[in-house]
**Student:** 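The structure follows.
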Amino acid sequence: MKAVEIFRIRKRFGPNSSETIRQEAEDLVNEKHYKGYRLINVDFDVADNAGYIYAFITMKRPNTY
């Protein structure tokens, strides 16, 4: 069993997309934290040529060392 899990959220780049993806990332972190996950890192990236904004969330699974 892996001790670390990476989640990815993808949104098409447009008006208010950065606020929308930030809110979705925050909701995911809160939901997973409630289940026992611990946050390691959150990274946002923009793919210029594809027109998407990404959120990569790295979390440690519950009951792992």
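In what follows, every heavy atom counts, from backbone to side chain, and hydrogens, waters and symmetry copies are set aside. On a predicted model such as this, the values are computed, not experimentally measured, just so you know.
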**Student:** For Glu5 and Lys32, run salt bridge (charged side-chain N to carboxylate O under 4.0 Å, His left out): C-alpha distance rounded to whole Å, both residues' side-chain angles, the deciding distance at 0.1 Å, then the answer.
**Tutor:** CA-CA 11 Å; Glu5 192 168 343; Lys32 293 295 182 178; 5.3 Å; no
**Student:** With clusters built from Ile, Leu, Val, Met, Phe, Trp and Tyr whose side-chain heavy atoms come within less than 4.5 Å, directly or transitively, what are the remaining members of the cluster of Tyr52, listed by chain and number?
**Tutor:**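 When side chains under 4.5 Å apart are linked, the cluster holding Tyr52 also contains Tyr54, Phe56.
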**Student:** Minimum heavy-atom separation for Ala55 and Ala25, please, with both atom names.
**Tutor:**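 The answer is CB-CB, 4.4 Å.
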**Student:** For the side chain of Arg61 and the backbone of Lys2, is there at least one donor-acceptor N/O pair under 3.5 Å apart?
**Tutor:** yes
**Student:** Ignoring hydrogens, what is the shortest heavy-atom contact between Arg12 and Ala50? Give both atom names and the distance.
**Tutor:**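 Arg12 and Ala50 have their closest heavy atoms at NH1-O, 3.7 Å.
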**Student:** Excluding sequence neighbours, so at least two apart, what forms salt bridge (charged side-chain N to carboxylate O under 4.0 Å, His left out) with Arg10?
**Tutor:** none
**Student:** Does a sphere of radius 6.0 Å around CG in Asn16 hold more than 12 heavy atoms from other residues, nucleotides or ligands, not counting ones at 6.0 Å or beyond?
**Tutor:** no
**Student:** Between Ile9 and Val46, is there a shared hydrophobic cluster once you connect ILVMFWY residues whose side-chain heavy atoms come closer than 4.5 Å?
**Tutor:** yes
**Student:** For Ile57 and Leu28, run side chain to side chain contact (heavy atoms under 4.5 Å, CB included): C-alpha distance rounded to whole Å, both residues' side-chain angles, the deciding distance at 0.1 Å, then the answer.
**Tutor:** CA-CA 9 Å; Ile57 303 162; Leu28 181 102; 3.4 Å; yes
**Student:** Would you please name every residue forming a side chain to side chain donor-acceptor pair (under 3.5 Å) with Asp27, sequence neighbours left out?
**Tutor:** Gln23
**Student:** About how many Å separate NZ of Lys35 and CE of Met59, when rounded to the nearest 0.5 Å?
**Tutor:** 10.5 Å
**Student:** Working to the nearest 0.5 angstrom, can you tell me the gap between Lys11 NZ and Ile21 CD1?
**Tutor:**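 Answer rounded to 0.5 Å: 7.5 Å.
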**Student:** Give, for atom CD of Glu24 and atom OG of Ser17, the distance between the pair rounded to the nearest 0.5 Å.
**Tutor:**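 It is 10.5 Å, given to the nearest 0.5 Å.
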**Student:** What residue among Val29, Asn30, Thr58 forms side-chain contact (heavy atoms from CB on, under 4.5 Å) with Leu39?
**Tutor:**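 Exactly one option meets the side-chain contact (heavy atoms from CB on, under 4.5 Å) with Leu39, and it is Val29.
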